[in-house]
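Below, chain A is the first sequence line, B the second, and so on; all start at residue 1.
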2 protein chains.
Amino acid sequence: MTTTRLTLAAPCCALGAPPVSSAEAESIAPMFKALGDPARLRLVSLIAAQPEACVCDLVAAFPLSGPTISHHLKVLRQAGLVDCERRGTWVYYWVRPEALAQLSALLGRPTSAAASR
Amino acid sequence: MTTTRLTLAAPCCALGAPPVSSAEAESIAPMFKALGDPARLRLVSLIAAQPEACVCDLVAAFPLSGPTISHHLKVLRQAGLVDCERRGTWVYYWVRPEALAQLSALLGRPTSAAASR
DNA sequence: ACTCTGTTTCGACATCTGTCAAGATAAGCA
DNA sequence: TGCTTATCTTGACAGATGTCGAAACAGAGT
């Protein structure tokens with residue numbers, strides 16, 4: 001059945017040479033899922049465009065209600081993609097570079113990916 | 001109230017300097033969403049680990065039924081992450097490097113991102 | 001015809017999305 | 001101190017969407 005499993009030594013290609021383990025997938029998939037909503041993707045993008053972002057700015061940038069934005073931010077927080085801190089009246093959010101690095105590393109370096117097809 | 005938008009010339013940073021537009025988010029989010037399931041993440045990983053992967057091998061690698069695997073593959077196909085072709089009895093899947101490149105480009109290279117925190 | 005492979009259809013069940021209302025925390029002012 | 005306002009989060013809810021398996025269907029080879 002199993003077509004001869006390739007033993008490519010090439011360490012270059014998309015998604016990394018060693019297939020993602022079941023445990024890895026369980027821990028990383030929630031991050032992708034969190035980015036799988038247009039509103040959340042834009043939220044992360046807006047937060048990443050600045051060192052920190054105030055929630056009031058984020059709410060103003062979307063046609064969504066405050067609670068909804070807060071919900072999305074909670075999802076992003078629980079996924080480990082962003083973190084926040086309350087300073088006085090306002091709450092500030094910032095991205096966690098190490099989380100994005102993990103995802104980027106998993107996707108590989110596409111610029112160097114062999115144009116296999 | 002937007003804190004002064006950074007005018008960093010560095011093209012390096014997380015999620016790209018210009019925030020993702022609404023239209024971009026709508027078109028890219030489905031890809032992340034497709035990767036947001038552990039089974040699909042592993043599927044893409046397994047497919048990417050070889051030039052091509054036969055469905056029979058993929059089904060054998062999961063504790064899920066054939067129809068379920070087929071369903072997940074359809075989601076990945078519709079998201080544009082993989083493509084397939086029937087050759088005789090078997091169906092072969094391969095990843096679309098340009099799609100992964102798009103996602104990776106969006107995530108940027110956070111390792112070189114300013115250690116803002 | 002028969003078998004094998006893979007997809008599609010259909011249904012049950014669970015999870016997610018977005019809104020309203022209420023709660024928690026902090027600042028401003030008398 | 002006490003009252004008021006502003007900011008943000010949480011809880012509860014209806015509607016939409018996703019997950020998965022059983023059965024039925026379609027292609028390719030024997």
Sugar-phosphate only, base, or nothing, as touched by B:Y93 at under 4.0 Å among non-hydrogen atoms: sugar-phosphate
A:R86 or A:P67, whichever maps to the more 5' nucleotide of DNA chain D: A:R86
B:H71 side-chain proximity, nearest of C:dT19, D:dT10, D:dC20: D:dC20
Selection from C:dT5, D:dT19, D:dT7 that lies nearest to any side-chain heavy atom of A:T89: D:dT7
B:R87 CZ to D:dG29 P, straight-line distance once rounded to whole Å: 13 Å
A:L73, nearest nucleotide to its side chain (from C:dT7, D:dT19, D:dT9): D:dT9
Residue B:L64, side-chain atoms from C-beta onward, closest of D:dC20, C:dT19, C:dT7: D:dC20
Residue met sooner reading DNA chain C from 5', once B:I69 and A:H72 are mapped to nucleotides: B:I69
Contact check, side chains of B:I69 and B:F62, non-hydrogen atoms, under 4.5 Å: yes
Atom-pair distance (CH2 on A:W90; P on C:dT25), nearest Å: 19 Å
Among D:dT19, C:dG6, D:dA22, the nucleotide that comes nearest once only the side chain of B:C54 is considered: C:dG6
Given A:R96, A:M31, A:E24, the one that forms side chain to side chain contact (heavy atoms under 4.5 Å, CB included) with A:Q102: A:M31
Test item: B:V44 and A:V20 side chains (from C-beta on) under 4.5 Å apart, heavy atoms: no
Salt bridge (Lys or Arg N to Asp or Glu O under 4.0 Å) evaluation trace for B:E52 with B:R87: CA-CA 12 Å; B:E52 291 179 332; B:R87 281 203 293 280; 2.6 Å; yes
5'-most by nearest nucleotide on DNA chain C - B:G66 or B:K33: B:G66
Sugar-phosphate only, base, or nothing, as touched by A:S70 at under 4.0 Å among non-hydrogen atoms: base
Value in whole Å for how far the C1' atom of C:dT5 lies from OH of B:Y92: 11 Å
D:dG21 phosphate, OP1 or OP2, under 4.0 Å from B:T68 side-chain N/O: yes
Value in whole Å for how far the C1' atom of D:dG18 lies from CD of B:Q78: 13 Å
A:S65 side-chain N/O to C:dG18 phosphate OP1/OP2 under 4.0 Å: no
Distance, rounded to the nearest Å, where B:E52 contributes CD and C:dG6 contributes P: 14 Å
Whole angstrom value for the distance that separates P of D:dT19 from CG of B:L35: 12 Å
Whether B:R77 side chain and B:D83 backbone form a donor-acceptor pair below 3.5 Å: no
Rounded distance in Å - CD (B:E85) to C1' (D:dA28): 15 Å
A:L41 CG - C:dT17 C1' separation (whole Å): 17 Å
